[in-house]
K.L.:
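Before anything else, here's the structure in question.
Sequential numbering from 1 along the given sequence is applied to the chain's residues. Atoms within a ligand are numbered from 1 in the order they appear, just like the ligands themselves.
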Amino acid sequence: MKDKPTLAVVGGGASGLIAGISAKRFLENRGNVVIIERMDRIGKKILATGNGRCNFTNMNTSVSKFYGKNPEFAKYALDKFGVYDVLDFFGEIGIYSKEEEDGKVYPYSDRSSSILEVLRNEIQRLGVKVVTGFEVKSVKKVKSFFKIVSFFGEALYSDAVIIATGGRASPNLGSNGTGFEILSSFGHNISKVVPALVQLKTHKEDIKGLKGIKFTGGVKIALGSDILGEEFGEVLFTDYGLSGPPIFQLSVISALHKDCSIILDFMPELSEKEVFDLLLKRKELLSHLNMESFFIGLLNKRIGNVIARKAGIEKLSFLIIDLDKKILWEIAKFIKSMRLDIIGHNGWNNAQVTAGGVETDGFNSETMESNLVKGLYAVGEVLDIFGGCGGFNLQWAWSSGALAGKSAAKRLLLKE
Ligand SMILES: Cc1cc2nc3c(=O)[nH]c(=O)nc-3n(C[C@H](O)[C@H](O)[C@H](O)COP(=O)(O)OP(=O)(O)OC[C@H]3O[C@@H](n4cnc5c(N)ncnc54)[C@H](O)[C@@H]3O)c2cc1C
């Protein structure tokens, strides 16, 4: 009697786990599914998501929320297994969910471990095999089979393979970029990979004295005079540059363009003219004091001092009464738009997502199967598709994983 066909899923992260589940649900007892994971446990990254709460999807998901060389590639999968499918899928295995600001969805328990636990329970119920501590080094097609070899030389065989290894972001959670090598060995092109959803570095002298200060305001990202993106929220000055939700969000754009600048707006609700008028009035009110006191009650004093310096006031002993209109306009300009050049990012270890990756034109968007090798699939972050903060990256992992799992299962049955 012929053995049942086997699907191997390389990578036990979000996309790999759902791929394994949807494949096995389709196959039932007509085929086997094995998930191969290099870490000692599956789903480590899931535990770290959403600050430990797992923002597992977003009600506002659409293809416009995604980036990459061809984000339209994601449309089919996002339509086929969209937000409501994700909510149903998790609802049926035990997750009661809640929606928060900007359409972000979390498990009601506020625990990312809940998401991993329900996935594990379902994997167990279905009889999906999990092999941990097996780091896949190479995958080769030998006749109609795939030979999957670990860094220790162990070999596994399967009839189809889904590569769900993630990208390079946060390698301590498992994704170390080996998936790119595996797919390029089959002839797939890999576009340049850059960390995204990450803190940004600026020239240290531009932010001298500001380390540890937080403010809530407007943040733009610009390339020369073109504004490429805009966010609002809390920004933190660090010793190397900038952090905080708006910075993470805009880092996605800086990953796509060289030589961007961040423009901070400390008073977004006022126009530059209104800020100037305010400063003029302050000059009259505080004319008996020096610059040491000018910003008290208006801005963080240290931010004010940096702005004064940028506006050309070298000493805090400068008398407020001596502020002329030209200087006041300069101060207003810096309050509304302090421009900081981005000179880098805070590295892969601190990044949440990978910009770039395996080029999607080598894959069929309706199945996630390689156009070069039948039976080979890729899903999730290993592909050149990524989103901003808000649950979009996990939605992509679920959508692409579910689609590939079912497609690969169908192929296995064709082979029988
Ligand atoms: C700190 C943090 C917080 C985040 N928060 C959110 C959030 O709240 N919402 C959101 O939508 N997104 C979030 N993301 C992004 C999201 O987690 C990822 O985009 C998503 O997990 C990608 O899923 P994946 O399955 O493609 O890859 P991964 O989750 O990276 O999984 C890949 C798996 O493959 C394994 N693997 C890799 N190479 C091999 C190999 N050679 N052999 C065997 N196994 C291998 C890895 O160990 C890993 O388990 C966050 C990311 C981080 C780092």
K.L.:
Name the closest protein heavy atom to atom 37 (C) of ligand 1, giving the residue it belongs to and the distance to 0.1 Å.
P.N.:
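Among all protein heavy atoms, the one nearest atom 37 (C) of ligand 1 is T165 O, 3.3 Å.
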K.L.:
Given G13, A196, S15, which has its nearest heavy atom closest to atom 24 (P) of ligand 1?
P.N.:
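Ranked by closest heavy atom to atom 24 (P) of ligand 1, first place is S15.
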K.L.:
Which atoms from ligand 1 have a heavy atom of S170 less than 4.0 Å away?
P.N.:
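Under 4.0 Å from S170, ligand 1 has these atoms: 53 (C).
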K.L.:
Would you check the N or O atoms of E381, main chain and side chain alike, for any that come under 3.5 Å of an N or O of ligand 1?
P.N.:
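N/O-N/O distance under 3.5 Å: yes.
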K.L.:
Do we see a donor-acceptor contact under 3.5 Å between the side chains of K80 and S399?
P.N.:
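Absent: no donor and acceptor within the cut-off.
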K.L.:
Using heavy atoms and a 4.0 Å limit, tell me yes or no: is G391 in contact with ligand 1?
P.N.:
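In this structure, G391 qualifies as a contact of ligand 1 - some heavy atom is under 4.0 Å.
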K.L.:
Does the plane of the ring in F89 sit parallel, tilted or perpendicular to the ring in F81? Use 30° and 60° as the thresholds.
P.N.:
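The arrangement is perpendicular - the two ring planes meet at more than 60°.
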K.L.:
Under 6.0 Å from the CD atom of Q124, do we count more than 12 heavy atoms belonging to anything else shown?
P.N.:
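Check fails, neighbour count at 12 or below.
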K.L.:
Below 4.0 angstrom from a heavy atom of F134, which ligand 1 atoms are there? Numbered from 1 as shown, please.
P.N.:
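In order of numbering, the contacting atoms are 42 (N), 43 (C).
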K.L.:
Of all the atoms in ligand 1, which lie at a distance below 4.0 Å from a heavy atom belonging to A164?
P.N.:
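By the 4.0 Å cutoff, the relevant atoms are 32 (C), 33 (C), 34 (O).
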K.L.:
May I ask you to identify the nearest protein heavy atom to atom 49 (O) of ligand 1, giving residue, atom name and distance to one decimal place in Å?
P.N.:
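The closest heavy atom on the protein side is E37 OE1, 2.6 Å.
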K.L.:
Heavy atoms only, cut-off 4.0 Å: how does I36 contact ligand 1, side chain, backbone, both, or neither?
P.N.:
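Within the 4.0 Å criterion, I36 contacts ligand 1 through backbone atoms alone.
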K.L.:
Could you identify the single nearest non-hydrogen protein atom to atom 30 (O) of ligand 1 and state the distance to 0.1 Å?
P.N.:
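Result: K45 NZ, 2.8 Å.
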K.L.:
Just verifying a value: how many Å separate L27 CG and K406 NZ, rounded to the nearest 0.5 Å?
P.N.:
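One finds 11.5 Å between CG of L27 and NZ of K406.
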K.L.:
May I ask you to list the atoms of ligand 1 that are less than 4.0 angstrom from any heavy atom of M39?
P.N.:
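Under 4.0 Å from M39, ligand 1 has these atoms: 47 (O).
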K.L.:
Numbering the atoms of ligand 1 from 1, which are under 4.0 Å from a heavy atom of E135?
P.N.:
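Per the distance check, 41 (N), 42 (N).
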K.L.:
Distance to 0.1 Å, residue and atom name: give those for the protein heavy atom nearest to atom 11 (O) of ligand 1.
P.N.:
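Going atom by atom, the protein heavy atom closest to atom 11 (O) of ligand 1 ends up being L394 N, 2.7 Å.
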K.L.:
Report the nearest protein non-hydrogen atom to atom 43 (C) of ligand 1: residue, atom name, distance rounded to 0.1 Å.
P.N.:
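Of the protein heavy atoms, R38 N, 3.3 Å lies nearest.
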K.L.:
Hey, does the side chain of S251 reach the backbone of V198 with a donor-acceptor pair shorter than 3.5 angstrom?
P.N.:
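Yes: the side chain of S251 pairs with the backbone of V198.
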K.L.:
Looking only at side chains, do S109 and S114 share a donor and an acceptor under 3.5 Å apart?
P.N.:
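A donor-acceptor contact under 3.5 Å links the two side chains.
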K.L.:
Can you report which non-hydrogen protein atom sits closest to atom 23 (O) of ligand 1, along with the distance?
P.N.:
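In this structure, atom 23 (O) of ligand 1 has A397 CB, 3.9 Å as its nearest protein heavy atom.
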K.L.:
Does the gap between the ring centers of F363 and H188 come in under 6.0 Å?
P.N.:
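Ring-ring flag for F363/H188: true, centres closer than 6.0 Å.
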K.L.:
Which of the atoms in ligand 1, numbered in the order shown and given with their element, are less than 4.0 Å from a heavy-atom of T178?
P.N.:
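Answer for ligand 1: 38 (N), 39 (C), 40 (C), 41 (N).
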K.L.:
Mind running side chain to side chain donor-acceptor pair (under 3.5 Å) on K137 and S150 for me, showing each step along the way?
P.N.:
CA-CA 5 Å; K137 184 181 182 200; S150 79; over 6 Å; no
K.L.:
What are the atoms of ligand 1, with element, lying closer than 4.0 Å to any heavy atom of G380?
P.N.:
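Close to G380: 26 (O).
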K.L.:
Just need the protein heavy atom nearest to atom 17 (O) of ligand 1, so name the residue and atom and give the distance.
P.N.:
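Going atom by atom, the protein heavy atom closest to atom 17 (O) of ligand 1 ends up being T49 CG2, 3.4 Å.
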K.L.:
Taking the six-membered ring for Trp, is the centroid-to-centroid distance between Y157 and F145 below 6.0 Å?
P.N.:
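No, the ring centres sit 6.0 Å or more apart.
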K.L.:
What protein heavy atom is closest to atom 51 (C) of ligand 1, reported as residue, atom name and distance in Å?
P.N.:
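Closest protein heavy atom to atom 51 (C) of ligand 1: Q352 O, 3.2 Å.
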K.L.:
According to the interplanar angle, ranging from 0 to 90°, do the rings of F266 and F237 count as parallel (below 30°), tilted (30 to 60°) or perpendicular (above 60°)?
P.N.:
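F266 and F237: parallel rings.
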K.L.:
Is the distance between the ring centroids of W398 and F90 under 6.0 Å?
P.N.:
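Aromatic pair counts; centres sit under 6.0 Å.
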K.L.:
Just by modelled atom types, is the G387 backbone N or O under 3.5 Å from a matching donor or acceptor in the N393 side chain?
P.N.:
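Side chain of N393 to backbone of G387: a pair is present.
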K.L.:
I'd like to check which ligand 1 atoms, numbered from 1 as shown, lie under 4.0 Å from a non-hydrogen atom of F392.
P.N.:
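It comes down to these atoms of ligand 1: 11 (O).
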